[in-house]
Amino acid sequence: MKTATITKKLDQLYEFDREPVTQKNLQGLGNFLGIFAGEHIAGTEFVIGMLFVAHGVSVVDMLVGGLIGNILAILCWAFITSPIAVKVRLSLYWHLKKIAGPVLVFIYNIVNALMFCFLAGAMVAVSATAVGIPFHIQMPELNDLYPNSVGWVVTVIFVGAVITAVAIMGFESLARFARVSAPWMFLIFVAAAIASIGTLDVNSFSEFWDIAKTKIWSGVPLDGQSKFTMWHVIFFTWLANAAMHLGMSDLSLFRYARKWQYGFASAIGMFLGHYIAWISSGIIYAAAMYNNFFFDAPGPLAYNIVGISGAVCVVIAGWTTANPTLYRAGLALQVASPNWSRWKVTLIAGMLTTVAALFPALVMKLLEFVAIYGLILLPMGAVIFADHYLIPKIGLTPNYAEKREINFNWAAGITWFGLLLLALVMNRVFGVEVFFLGPPVWILGVFTYLVISRIYQKRTMILA
Amino acid sequence: MNNMKLVLKIISYIGIGLTIIPSILFLMDKIELSQLKLYMLIGVFVWFGSAVFWVGKGKK
């Protein structure tokens, strides 16, 4: 298919939000608080807190590191993402298209779609750990990377098929069900953690603190797991949603904000979902081990301590967050097949998601996957930041692809691919862990885009 | 209609209470783990049975 045809089809797909959001469509602070509270209490929170324990995070690392990381994330949303969003008032797709050109946005969408499928896959796998409980299937363990039983495969395929079918039939009713579930799910997290403390022979806060230091976040990693420090906790917590804030995906959300200060609404999602829920799931996991209940899967862990309501929570938490992720994957994937109907694309996305979910590596290595997911999309966020604030200041043209009517802005392309290559080299050759690559990649992305734009814009002007 | 919504909200808050309070009582050694599981399960039905009628209704 020709570039022009793809571009035309792609534009039709996103037609509904081609124009900047108008004044009458702006939303109040309450909507943003609700969205952040709902979206960040996901099935994956059950896993992340557990993995911190497995990686030998100490209690101070967890509490202080988590606090610092979350504050950094909130500051990124408030001072980097939302100020640009309320100025341009365009979705990420349209804004990036102006800067990078339709071909580069096409590639970006495909990469984004695959990432969404993997993320939804992790959520399907989380749900499957609870659905499999009545059938006594063999659950994946911490060091499992491949499917470990037929029961697991059948359960994941069943859960994936149900979630895909619901996604095909429509998202509206499920989105409302997710809103109904969100406050209850958060309370299940907290209740399960409180009940878990009750199994630890704790009679006072000082006793709890001693247990927390020695039995929950002991500072000693489990067998086969690397040791995490406070730096790991800070960087992971900060960048768990890097694609959304530094990567600028949430331009699409904050374009509806009345004020840039609404970026601080992210605090509710961070502190409920990425702080209290992670701490809670760490307590649930460690308390289970303390009581000789050795399971690494969220379903049995929640069921063990609070019974059926815990298992139901794990199913719902995975399901309600897998569905919107699957929807976004389908939307992003539709760029590759603009003539296909939505149901076909969602079916393909659902199949990819289900296959990904079969591999326990996606859940057991969730921390690494989340870090890679953010890292892959970060350089384009740096491009948007540089184009908005710095390109005009050094006398260059912002939104260059739109103004010069080019399909591929090489300055943005080289920045994206070049920085990812550099990150790969830093990781593979110099051994820098993936958790720490985000900030240097983003900062280097800003400078790289400025330098290459200077050369590229001058060169294309001469050629023109 | 408003009275109905108020009643539903009160029932939902009872569901919330049944979700969180048993864990505190268990921590204080006032109830057994089996009771906690039962109360929390009742909380699931009470919450979803009432909250679906008012949470998120009328908002997009």
Side-chain angles (χ1 to χ4, degrees), chain A residues 25 27-28 30-31 33-35 37-38 171-205 207-208 256 280 283-284 287 291 293 302-316 320, chain B:
Chain A
N25 288 324
Q27 306 283 323
N31 282 329
L33 290 170
I35 288 168
F171 289 85
E172 275 303 310
S173 53
L174 192 88
R176 211 176 84 71
F177 182 65
R179 279 201 291 275
V180 173
S181 311
W184 170 81
M185 284 194 300
F186 174 71
L187 289 173
I188 289 282
F189 269 96
V190 175
I194 293 171
S196 294
I197 295 169
T199 66
L200 293 172
D201 303 322
V202 170
N203 295 307
S204 66
F205 181 77
E207 277 183 29
F208 170 69
Y256 292 103
S280 297
I283 292 171
I284 297 163
N291 291 299
F293 185 80
Y303 179 73
N304 172 54
I305 190 64
V306 290
I308 296 171
S309 57
V312 170
C313 178
V314 173
V315 174
I316 292 177
T320 54
Chain B
M1 196 64 187
N2 278 343
N3 283 345
M4 188 64 186
K5 195 172 176 182
L6 180 67
V7 171
L8 284 168
K9 280 188 175 181
I10 291 168
I11 295 171
S12 297
Y13 294 137
I14 292 169
I16 289 288
L18 282 165
T19 304
I20 194 76
I21 293 169
S23 64
I24 297 166
L25 294 175
F26 175 72
L27 180 68
M28 296 163 70
D29 268 338
K30 302 286 184 195
I31 59 171
E32 295 296 316
L33 194 60
S34 57
Q35 289 173 290
L36 164 123
K37 290 176 181 177
L38 177 64
Y39 296 145
M40 286 183 70
L41 182 59
I42 295 169
V44 176
F45 289 106
V46 175
W47 169 257
F48 283 100
S50 56
V52 287
F53 297 107
W54 64 274
V55 175
K57 275 233 161 162
K59 283 182 183 176
K60 283 200 171 182

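Here is how names work: the chains are called A, B, and so on, in the same order as the sequence lines, proteins then strands, and each is numbered from 1.
Of the atoms belonging to Y303(A), it is backbone heavy atoms, and not side-chain ones, that fall under 4.5 Å from chain B. In this structure, chain B has a heavy atom under 4.5 Å from the backbone of N304(A), while its side chain stays farther away. Only the side chain of L33(B) comes within contact range of chain A, with heavy atoms under 4.5 Å apart. Proximity to chain A (any heavy atom under 4.5 Å) is shown, for L41(B), by both the backbone and the side chain.
For the pair F48(B) and I316(A), the minimum side-chain heavy-atom distance is below 4.5 Å. Residues W184(A) and V44(B) form a side-chain contact, since some pair of their non-hydrogen atoms from C-beta on lies under 4.5 Å apart.
Taken from CE in M40(B) to CG in L187(A), the straight-line distance is 9.0 Å, to the nearest 0.5 Å.
For the set L200(A), I305(A), N203(A), T199(A), the count of heavy-atom pairs under 4.5 angstrom toward chain B peaks at I305(A).
The shortest heavy-atom contact between T19(B) and A191(A) is O-CB, 3.4 Å. The heavy-atom pair separating F26(B) from A195(A) by the smallest distance is CE2-O, 3.1 Å.
With hydrogens and angles ignored, the 3.5 Å screen pairs no side-chain donor or acceptor of K37(B) with any backbone N or O of S309(A).
Counting heavy-atom neighbours within 6.0 Å of Q35(B) CD, excluding the residue itself, gives a total above 12. Few gaps surround CG on L33(A); more than 12 heavy atoms of other groups in view lie less than 6.0 Å from it. Applying the 6.0 Å contact sphere to CZ of F293(A) captures more than 12 heavy atoms from other residues, nucleotides or ligands.
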